[in-house]
Number of protein chains: 2
Amino acid sequence: MKSYGQFCSLARSLDVVGDRWTLLIVRELLIGPSRYSDLLRSLPGIASNLLADRLRMLAESGVVNSEDAPPPTSAKVYSLTERGRSLQPVLVALAHWGVPYMAAGKGGDNSRGRWLGFAILSLYPNEMNFGDTVVPLRLRIDSEGDHILVEAGPEGLTAVPCSRDVAADVTISGESDDVFGFLAGQAMDYSQIVVVGGDDARRKLREFTKYAHTYGAELGQLRP
Amino acid sequence: MKSYGQFCSLARSLDVVGDRWTLLIVRELLIGPSRYSDLLRSLPGIASNLLADRLRMLAESGVVNSEDAPPPTSAKVYSLTERGRSLQPVLVALAHWGVPYMAAGKGGDNSRGRWLGFAILSLYPNEMNFGDTVVPLRLRIDSEGDHILVEAGPEGLTAVPCSRDVAADVTISGESDDVFGFLAGQAMDYSQIVVVGGDDARRKLREFTKYAHTYGAELGQLRP
DNA sequence: CTGCATCCGCTTCGATACTG
DNA sequence: CAGTATCGAAGCGGATGCAG
């Protein structure tokens with residue numbers, strides 16, 4: 001991208017991460033380190049050469065690392081540097097701003113279970129004080145073949161990919177839009193999702209989502 | 001911009017504000033309402049038709065308002081809607097991430113005094129508890145013909161354009177890069193800026209900038 | 001004057017094909 | 001698997017034109 005040529009920290013940030021696809025690549029790497037082909041699959045629609053270009057530029061800017069995986073395989077693994085990880089608050093703020101656009105539903109868009117973890121972080125953008133009645137809470141989300149472990153603790157919220165048989169207090173499974181709608185208080189029909197867990201954990205979950213409902217339903221449906 | 005086609009709040013945000021120039025237009029309107037020609041001047045390098053396009057799309061998305069100015073003139077005034085103003089945390093987060101890129105100095109980039117107010121907000125991205133020894137502080141910045149009033153109060157920080165003769169506890173004048181460097185603790189040579197104010201106010205200012213120095217100098221100089 | 005629209009050369013993007 | 005190469009389509013940047 002051509003530089004904006006402005007002595008302004010916003011403009012200079014955009015010089016680095018303002019290109020099309022760039023922040024979505026960072027999102028993927030924030031969810032977890034990935035290989036080239038993983039990124040291609042997680043970013044439907046991106047052109048192969050474009051992904052290569054972006055990764056090269058992000059590496060030059062010190063935002064991503066590319067390391068060769070252990071010798072037997074010839075794979076490369078891309079991950080974020082510390083500088084790249086420090087983009088998380090930016091992505092979370094932007095995603096939080098976009099929550100109302102989710103109320104329109106999935107439509108014809110692609111969806112991935114792995115994006116739900118990130119979406120949950122964006123529902124609680126501030127370091128939130130979850131009450132004692134809520135935390136600790138281990139929540140597993142199973143959607144579109146992905147599995148995400150959300151942990152709400154006294155010091156905050158984390159969401160990482162996990163395997164299908166990780167233990168949790170509650171599990172939620174269903175299509176991405178139904179699960180997101182349930183968590184954000186936007187869905188009309190909760191019959192499409194399955195919530196499994198003990199009474200106590202389910203009560204915690206209800207408390208947990210109360211925060212999100214406040215914001216998620218507040219603005220109603222905006223034009224996508 | 002073509003939609004990313006992803007059921008993800010980050011992607012949907014980028015569908016709305018991810019285009020080139022869009023966030024810089026929002027920055028300008030966050031500083032204050034502007035007319036079309038003001039925006040053209042504040043965004044050097046933007047093509048005229050592009051600005052018109054972006055404003056139209058932002059209006060359709062409910063991010064900006066365009067109102068006809070009082071009848072004698074035929075001017076239009078663009079401003080942010082509530083939804084647009086709610087982008088401020090996003091811009092501040094992104095600008096905060098870009099602070100280290102400012103250490104390289106102005107170089108051949110354009111600079112505007114009006115951008116400094118926004119830059120200061122980005123130096124203090126969190127709702128910060130300024131001690132009693134610091135606030136209230138009224139700080140006027142005179143740079144490149146613009147005048148900005150920064151007010152640090154118990155509840156936070158504001159920065160708005162003002163006229164040249166607004167009263168303040170301290171005034172700082174100088175070139176944008178020197179002023180920014182002084183505030184962020186990045187400049188080497190403070191002889192290029194002029195600070196006017198009583199001893200007490202200057203002491204408050206030193207306390208005030210101490211916070212910024214911590215972050216501004218921490219990462220040193222990054223590739224721009 | 002202000003607020004755009006039109007035109008044009010150039011860059012970037014998107015889709016697919018190809019290679020080590 | 002991890003990228004390059006290629007090429008038409010779309011978007012950008014700069015200049016200019018024009019109506020209210």
Side-chain angles (χ1 to χ4, degrees), chain A residues 1-6 11 14-25 28-29 32-61 64-79 108-110, chain B residues 1-6 11 14-25 28-29 32-61 64-79 108-110:
Chain A
M1 167 183 284
K2 197 182 162 192
S3 165
Y4 286 109
Q6 297 185 0
L14 291 172
D15 284 344
V16 177
V17 296
D19 275 311
R20 187 160 167 79
W21 289 108
T22 299
L23 285 180
L24 295 184
I25 293 172
E28 287 307 310
L29 297 179
S34 299
R35 294 184 305 173
Y36 189 86
S37 48
D38 295 331
L39 290 171
L40 270 185
R41 264 190 301 278
S42 303
L43 298 168
I46 196 173
S48 171
N49 58 348
L50 213 54
L51 176 57
D53 276 359
R54 295 293 184 264
L55 286 171
R56 205 175 302 121
M57 293 174 55
L58 287 171
E60 281 172 17
S61 314
V64 315
N65 268 325
S66 64
E67 290 160 10
D68 294 319
T73 146
S74 81
K76 256 190 190 174
V77 175
Y78 293 92
S79 59
D109 284 359
N110 295 99
Chain B
M1 168 184 281
K2 196 180 163 193
S3 165
Y4 286 109
Q6 297 187 359
L14 291 171
D15 284 343
V16 177
V17 296
D19 275 311
R20 185 160 167 79
W21 290 109
T22 300
L23 285 180
L24 295 185
I25 293 171
E28 287 306 309
L29 297 179
S34 300
R35 294 184 305 174
Y36 187 87
S37 46
D38 295 330
L39 291 171
L40 270 185
R41 265 189 300 278
S42 303
L43 298 168
I46 195 174
S48 169
N49 57 348
L50 213 54
L51 176 56
D53 276 0
R54 295 293 184 264
L55 286 171
R56 203 176 305 120
M57 293 174 55
L58 287 171
E60 280 172 18
S61 315
V64 315
N65 268 325
S66 65
E67 289 161 11
D68 295 317
T73 146
S74 79
K76 257 188 189 173
V77 174
Y78 292 93
S79 60
D109 283 359
N110 294 100

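Protein chains get the first letters and strands the later ones, always in sequence-line order, with residue 1 at the start of each. This is a predicted model, so every value here is computed, not measured.
- Side-chain atoms of A:Ser3 and A:Asp15 include a donor-acceptor pair closer than 3.5 Å.
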For residues 40-51 of chain A, tabulate all N or O donor-acceptor pairs below 3.5 Å that involve a side-chain atom, not counting sequence neighbours.
unit_1  : atom_1 : unit_2  : atom_2 : d
A:Arg41 : NH2    : A:Asp38 : OD1    : 3.0
A:Ser42 : OG     : A:Glu28 : OE1    : 3.4
A:Ser42 : OG     : A:Asp38 : O      : 3.0
A:Ser48 : OG     : A:Tyr36 : OH     : 3.1

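- Distances from the side chain of A:Lys2 to the nucleotides D:dC12, D:dG14, D:dA2 place D:dG14 closest.
- Regarding contacts with the backbone of D:dG13, a side-chain N or O of B:Arg20 is found under 4.0 angstrom from either OP1 or OP2.
- When the nearest nucleotides of DNA chain C are assigned to B:Leu55 and A:Ala47 by heavy-atom distance, the more 5′-ward of the two goes with B:Leu55.
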Please determine whether side-chain contact (heavy atoms from CB on, under 4.5 Å) holds for the pair A:Thr22 and A:Val16, giving the CA-CA distance in whole Å, both sets of side-chain angles, and the decisive distance to 0.1 Å.
CA-CA 9 Å; A:Thr22 299; A:Val16 177; over 6 Å; no
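- The phosphate of D:dG20 (OP1 or OP2) has no side-chain N or O of B:Lys76 nearer than 4.0 angstrom.
- Here A:Leu23 contributes atom CG and A:Leu58 contributes atom CG; the two are 9.0 Å apart, rounded to the nearest 0.5 Å.
- Side chain of A:Tyr4 to backbone of B:Asp109: no donor-acceptor contact under 3.5 angstrom is found.
- A donor-acceptor distance shorter than 3.5 angstrom exists from the side chain of A:Arg54 to the backbone of A:Arg20, with no hydrogens or angles considered.
- Side-chain N/O atoms of A:Tyr4 include none lying less than 4.0 angstrom from OP1 or OP2 on D:dC12.
- Among C:dC13, C:dG3, D:dG14, the nucleotide with an atom closest to any side-chain atom of B:Ala75 is C:dG3.
- Axis angle across the helix from C:dC1-D:dG20 to C:dG20-D:dC1, with five pairs used at each end and values rounded to 10°: 30°.
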Could I get a table of every N or O pair under 3.5 Å where one atom is in the protein and the other is in nucleotides 5-8 of chain C?
unit_1 : atom_1 : unit_2  : atom_2 : d
C:dA5  : OP2    : B:Arg56 : NH2    : 2.7
C:dA5  : N6     : B:Ser48 : OG     : 3.2

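- Residue A:Arg54 places at least one side-chain N or O under 4.0 Å from the OP1 or OP2 atom of C:dC13.
- When each of C:dG3, C:dC13, C:dC4 is scored by its nearest atom to the side-chain atoms of B:Arg35, the top-ranked nucleotide is C:dG3.
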